[in-house]
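We name chains A, B, ... by the order of the sequence lines, and we start the count at 1 in each one. Just so you know, these numbers come straight off a predicted model, no measurement behind them. Any value given below was found using the heavy atoms of this structure, including those in side chains, with hydrogens, waters and symmetry copies removed.
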Amino acid sequence: MWTDSQIQALRAALLHWYDREGRILPWRVRPEDRAAGATPDPYAIWLSEVMMQQTTIPHGTPYWHKFLTLYPTVEDLAAAPLDDVLTHWAGLGYYARARNLHKCAAIISEAHQGRFPETKAELLRLPGIGDYTASTIAAICFDQPESIVDGNVERVIARMHRVATPLPKAKPEIRRLAAALADPDRPGDYGQALMDLGATICTPRAPSCDLCPWSDECAAYAHGDMTAYPIKTPKKETPVRLGHAYVMLKDNQIWLRRRSEAGLLGGMMEVPGSDWQSERPDFSPPVEAEWSRLTAPVRHVFTHFELRLDIHLAQVMTDPPGDGRWVAVSALHTQALPSLFRKVLDRANVT
DNA sequence: CACGCGTGGAT
DNA sequence: TATCCAAGCGT
């Protein structure tokens, strides 16, 4: 495909662009800081990579700052109750990440003397660390010559080569092409540079090819069909599910219930409600009361279905079953709920 | 390997 | 309003 000298030139052009135009993400250790002796903290890098999985930088960054303040070291995180971690994670989504984060912190803290393993193969054994995160930690923190491939890199590589195979089937091919280009001398900087190029220049809708250091060698640019890549297999439409939510007021408090540990929103607190099904379940509140229903349902879109919840509101005199999953909290303490339930309480105007 | 798994911003 | 999709992982 490319000669060695072409590959060298591409690497140099990318790193040169990154040095001048690359974003300074808060967890990034800049070259001048490295020269001054600074070295990336694997705990901080791991935390950032897990938090940014399928998450936008602006949404995730405040959580990263908050966690580093609450839990400055991996031992601090391991020592915290899982419930606290889930509470602070609320709103970030994909809650299995938080459960795996806490589990991983315990393993690092107890079985690895508080140190992260330095190779991709060892990192891959840890919960919540997959191919991308293992490669990234190994490359950034330990200068391992690993090729970093996230969604940004997939897009850049697919355009550079006009990869004809649709995603996700094309992943192995894209990995190979990316690895052939990756810089083994500065794997961390190279990987972050390529991700940043994808995030800021080689964007999904309207790429800024006139600013791109790689446009001369980009096959899609040469053909003028950049936005056709990466080709994707069409996704199936999201079904609709229906349900009821019961906003139970006890004086100035609200009854919440803990969800089961597995599955959707696992382990998180919820506004109690029915199952969510394609046919609307029967109205069946946990306790007898004078229930009133809000006119419009709350609509919430998950990754794989759309939910429409009828909201019912009542002052309740009797307590729900004391099975340990129920708790009454003040309205001030409802911000640590998944966004769906914050939306429900907001609609019911009780926050 | 296809699917389950959140949320919010951009267009 | 509808659609896309973001520094993916586990099963």
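Taking 4.5 Å as the limit, every side-chain heavy atom of A/Ile231 sits out of range of all side-chain heavy atoms of A/Thr165.
OP1 or OP2 of B/dC3 sits under 4.0 Å from a side-chain N or O of A/Lys236. Using a 4.0 Å cut-off, some side-chain N or O of A/Arg155 falls inside it from OP1 or OP2 of C/dA6.
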Under 3.5 Å, which protein N or O atoms sit close to an N or O of nucleotides 4-8 of chain B? Give each pair with its distance.
from	atom 1	to	atom 2	distance (Å)
B/dC5	OP1	A/Leu264	N	3.3
B/dC5	OP2	A/His304	NE2	2.4
B/dG6	OP1	A/Tyr94	N	3.3
B/dG6	OP1	A/Tyr95	N	2.8
B/dG6	OP2	A/Leu265	N	2.6
B/dG6	O4'	A/Tyr94	N	3.0
B/dG6	N7	A/Tyr94	OH	3.4
B/dG6	N7	A/Thr303	OG1	2.5
B/dG6	O6	A/Tyr94	OH	3.0
B/dG6	N1	A/Gln54	O	2.9
B/dG6	N2	A/Gln54	O	3.0
B/dG6	N2	A/Thr55	OG1	3.2
B/dT7	OP1	A/Tyr95	OH	2.8
B/dT7	OP1	A/Ser339	N	2.7
B/dT7	OP2	A/His300	NE2	3.0
B/dT7	O3'	A/Ser339	OG	3.0
B/dG8	OP1	A/Ser339	OG	3.2

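Distance alone, capped at 3.5 Å, places no donor-acceptor pair between the A/Arg241 side chain and the A/Asp275 backbone. Looking at A/Lys343, its side chain never comes within 3.5 Å of a backbone N or O of A/Val298 through a donor-acceptor pair.
Remark: A/Arg97 fails to qualify as a cation-pi partner of A/Tyr63 under the 6.0 Å distance and 45° angle criteria applied to the six-membered ring.
A/Leu123 has its CG atom 17 Å from the P atom of C/dG8, to the nearest Å. Distance CG (A/Asp131) to P (C/dG10): 11 Å, rounded to an integer number of Å. For A/Leu126 and C/dC9, the CG to P distance is 12 Å, given to the nearest whole Å. For the pair A/Arg99 CZ and C/dC9 C1', the interatomic distance rounds to 12 Å; values are reported in whole Å. C/dA7 atom C1' lies 16 Å from atom CD of A/Glu146, rounded to whole Å. Atoms CZ (A/Arg125) and P (C/dG10) sit 14 Å apart, rounded to a whole Å. Regarding A/Met51, its CE atom lies at a distance of 16 Å from the C1' atom of C/dC9, rounded to whole Å. As rounded to whole Å, 6 Å separates atom P of C/dC4 from atom NZ of A/Lys235.
Across all strands shown, A/Thr133 has heavy atoms under 4.0 Å from sugar-phosphate atoms exclusively, and none from any base. Within the 4.0 angstrom heavy-atom criterion, no nucleotide atom of any strand lies near A/Trp64. A/Pro127 comes within contact range of the sugar-phosphate backbone alone, with a heavy-atom separation under 4.0 Å but no base atom that close.
Residue A/Ile24 belongs to no hydrophobic cluster, having no ILVMFWY side-chain heavy atom closer than 4.5 Å to its own. The hydrophobic cluster around A/Met248 extends to A/Tyr246, A/Trp255, A/Phe283, A/Val287, A/Trp291, A/Val316, A/Trp326, counting ILVMFWY residues whose side-chain heavy atoms fall within less than 4.5 Å of a member.
Pair assignment for B/dT7 gives C/dA6, based on Watson-Crick or G-U wobble hydrogen-bonding distances that are each under 3.5 Å.
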Practice problem: Could you walk me through whether A/Asp19 and A/Arg30 pass salt bridge (charged side-chain N to carboxylate O under 4.0 Å, His left out), step by step? | Solution: CA-CA 9 Å; A/Asp19 284 341; A/Arg30 294 152 44 150; over 6 Å; no
